[in-house]
There are 2 protein chains.
Amino acid sequence: MITLTEENYIKAIYHLGKQGVETVNTNAIAEALQTKASSVTDMLKKLAEKGYADYIKYQGVNLTVQGKKIAIGIIRKHRLWEVFLVEKLNFKWDEVHQVAEDLEHIKSEKLIDQLDAYLKHPTHDPHGDPIPDRDGNFKQIEKILLSQAILGNKYKCVGVKDTSSAFLNYLDANAIALGTEIVLLHKEPFDQSIKIEINNREITVSQNVAKNLFLKTV
Amino acid sequence: MITLTEENYIKAIYHLGKQGVETVNTNAIAEALQTKASSVTDMLKKLAEKGYADYIKYQGVNLTVQGKKIAIGIIRKHRLWEVFLVEKLNFKWDEVHQVAEDLEHIKSEKLIDQLDAYLKHPTHDPHGDPIPDRDGNFKQIEKILLSQAILGNKYKCVGVKDTSSAFLNYLDANAIALGTEIVLLHKEPFDQSIKIEINNREITVSQNVAKNLFLKTV
DNA sequence: ATTTAAATTTAGATTAGTCTAAATTTTTAT
DNA sequence: ATAAAAATTTAGACTAATCTAAATTTAAAT
Ligand SMILES: [Mn+2]
Ligand SMILES: [Mn+2]
Ligand SMILES: [Mn+2]
Ligand SMILES: [Mn+2]
């Protein structure tokens, strides 16, 4: 049996290591899970012992194939629940994260498969992140940050990097939603702020915003 | 903060004590939760300390007003999730219990209120048990066991006492569902088996069945 | 009213997860 | 190449929940 805590660690390692390709170090995990480095060390030993991770003292940790499979399963559940909360229960996209954090640990194959079907097999969650299918397959759509966009080009918003309420509420207030079209009008060299056209309005956003909004060329 | 385990104990005490009116003893709780009496004793001390229960050594335990409120809240969640699973995710009524046992511990006011609204404020779960409203109010409908029914009278099935798959599958196989009308034709003194008319068919059911099917006079 | 049996509690251990403080290893800077 | 700083691990302790085995209390039976 895998515990809820082990699942949270595995998911954190997966995310910190960019889908599990990079090695992750202790302090990063402690920071992500709001815990202490010494607690992380203990857990890494356990995960290694159980075959979920390869861990070398002082050198960091990597998920095994089995560990990655578990991580993807949890992420699938997390994102499906997020879709459910937004589409069916009228949650806003900034309210779903905490609840999904708990729901992702409910263990029932049937539950998640039926939920998937009920939601008509969604491919992306409310923040634009891809939802793995039941075999764990998913494709990351080609996306760039607004900060990397090219002057004059036309784009479509497809995701957010920061999922904090503060950022999501900012986007709501400025009528920037997933699917919204954007044209890059000007990049200010002084402070990296960016002027964009959106819904026939011109607005200027800070570098901070530009570094957290994902776009796709259209 | 209240833990998942504390919640399970409180719910068990509530059920064993008939909505919290009777005093519950240690062994009954151990049996219900599949644990040992010594573990129960430890937890009863803790529940008393936290103000959820009144506990007298060797004499048994009662829920406080606060404890009852918590129990009812968990039961509300449990039953709402059961309705969701059956109505929306195509679960059969014998498949919902285990999953609901986990879902009932998800803590989000908004989640449960929205779920309630989404399901159109159901008053009863798939097994005929009443669902408390958000203030904790619910009324137990007047119901009797088939074994206590009177010859010749006409009834409607309104609930089950035993919620095991074995029993629920038996009912399915015999086309006995909630809402089905039943006429009591004969009570066999020898083995307490009962002959009933149901959907224009005559069938005989054992005492065991008769003691687990709730009816309402129609 | 004793004795016996049943129910319950206590004592002492164990596992999961966490923490602080101290020790060790690795990395960075001089 | 050494010293200082940063990262990481170990040692030892704590809480929640559980268990077994022994002790205690209550209830039942003679
Ligand atoms: Mn989680
Ligand atoms: Mn998301
Ligand atoms: Mn439960
Ligand atoms: Mn039920």
Side-chain angles (χ1 to χ4, degrees), chain A residues 1-17 22-63 66-67 70-71 74 101-102 104-107, chain B residues 1-17 22-63 66-67 70-71 74 101-102 104-107:
Chain A
M1 247 337 277
I2 188 164
T3 68
L4 182 148
T5 311
E6 287 166 358
E7 288 190 342
N8 280 334
Y9 273 92
I10 288 171
K11 191 177 70 154
I13 295 167
Y14 182 86
H15 279 135
L16 290 167
E22 287 174 22
T23 295
V24 180
N25 52 7
T26 303
N27 275 352
I29 299 168
E31 162 73 21
L33 294 179
Q34 296 277 76
T35 185
K36 301 294 168 177
S38 56
S39 304
V40 174
T41 301
D42 285 344
M43 181 57 81
L44 295 185
K45 286 181 195 162
K46 183 146 79 110
L47 293 180
E49 198 148 291
K50 287 196 171 190
Y52 303 137
D54 293 321
Y55 166 60
I56 303 170
K57 249 197 206 184
Y58 293 104
Q59 300 301 302
V61 69
N62 284 282
L63 291 180
Q66 200 198 344
I70 288 168
I74 301 164
E101 201 60 45
D102 292 336
E104 71 188 1
H105 302 289
I106 303 286
K107 286 167 189 62
Chain B
M1 245 339 276
I2 188 165
T3 68
L4 182 148
T5 310
E6 288 166 357
E7 288 189 343
N8 281 334
Y9 272 92
I10 289 171
K11 193 178 69 156
I13 294 168
Y14 182 86
H15 279 136
L16 289 167
E22 288 175 23
T23 296
V24 180
N25 53 6
T26 304
N27 275 351
I29 299 168
E31 162 73 19
L33 295 179
Q34 296 277 77
T35 185
K36 301 293 168 178
S38 57
S39 305
V40 174
T41 300
D42 285 345
M43 182 56 81
L44 295 185
K45 285 180 196 162
K46 185 147 76 107
L47 294 181
E49 198 147 293
K50 287 196 170 189
Y52 304 137
D54 293 321
Y55 165 59
I56 304 170
K57 250 197 204 186
Y58 293 105
Q59 301 301 302
V61 69
N62 284 283
L63 291 180
Q66 200 197 347
I70 289 167
I74 300 164
E101 200 60 46
D102 293 335
E104 71 187 3
H105 302 288
I106 302 287
K107 285 168 190 62

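Below, read A as the first sequence line, B as the second, and so on, with proteins coming before strands; counting in each chain starts at 1.
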Heavy-atom check, side chain of B:Ile2 versus side chain of B:Glu7, under 4.5 Å
yes

May I have the distance from B:Leu44 (atom CG) to C:dT8 (atom P), rounded to whole angstrom?
10 Å

Do A:Asn8 and A:His105 pair up side chain to side chain, a donor and an acceptor below 3.5 Å, judged on atom types alone?
yes

Rounded to whole Å, the NZ-C1' distance (B:Lys50 to D:dT15) equals 11 Å

Who pairs with A:Glu6 by salt bridge (Lys or Arg N to Asp or Glu O under 4.0 Å), at least two apart in sequence or on another chain?
A:Lys46, A:Lys50

Return the value, rounded to whole Å, for the distance between atom OH of A:Tyr55 and atom C1' of D:dA7.
11 Å

For A:Glu49 and C:dT15, what is the distance between atoms CD and P respectively, to the nearest whole Å?
12 Å

Kindly say if B:Asn27 contacts the phosphate of C:dT8, meaning a side-chain N or O under 4.0 Å from OP1 or OP2.
yes

Distance check needed: D:dT18 C1' versus B:Ile29 CD1, whole Å only.
16 Å

Contacts of B:Glu22 meeting salt bridge (Lys or Arg N to Asp or Glu O under 4.0 Å) (sequence neighbours excluded), chain-then-number -> none

Quick one: which of C:dT9, D:dT9, C:dA16 gets closest to the side chain of A:Thr3?
C:dA16

Think B:Asn25 has a side-chain N or O under 4.0 angstrom from the OP1 or OP2 of C:dT8?
yes

Once side-chain contact (heavy atoms from CB on, under 4.5 Å) is applied, do any residues pair with A:Thr5, and if so which ones, sequence neighbours excluded?
A:Thr3, A:Tyr9, A:Met43

How would you list, by chain and number, every residue that makes a side-chain contact (heavy atoms from CB on, under 4.5 Å) with B:Gln66, sequence neighbours excluded?
B:Tyr52, B:Thr64

Rounding to a whole Å, what distance do you find between B:Ile56:CD1 and C:dT9:P?
11 Å

Need to verify one output field. Residue with the more 5' nearest nucleotide on DNA chain C, B:Ala28 or A:Tyr58?
B:Ala28

In whole angstroms, the gap separating C1' of C:dT10 from NZ of B:Lys57 amounts to 8 Å

Whole angstrom value for the distance that separates P of D:dA6 from CD of A:Gln59:
19 Å

Quick one: which protein N/O atoms are closer than 3.5 Å to N/O atoms of nucleotides 18-21 of chain C? Pair and distance per line, please.
{"residue": "C:dT18", "atom": "OP2", "partner": "A:Tyr9", "partner atom": "OH", "Å": "3.3"}
{"residue": "C:dC19", "atom": "OP2", "partner": "A:Thr35", "partner atom": "OG1", "Å": "2.6"}
{"residue": "C:dC19", "atom": "OP2", "partner": "A:Lys36", "partner atom": "N", "Å": "3.1"}
{"residue": "C:dC19", "atom": "OP2", "partner": "A:Ser39", "partner atom": "OG", "Å": "2.8"}
{"residue": "C:dT20", "atom": "O4", "partner": "A:Ser38", "partner atom": "OG", "Å": "3.0"}

Return no unless some side-chain N or O of B:Lys45 is found under 4.0 Å from OP1 or OP2 of C:dT10.
yes

Using the test salt bridge (Lys or Arg N to Asp or Glu O under 4.0 Å), find all partners of A:Lys36 that sit at least two apart in sequence or belong to another chain.
none

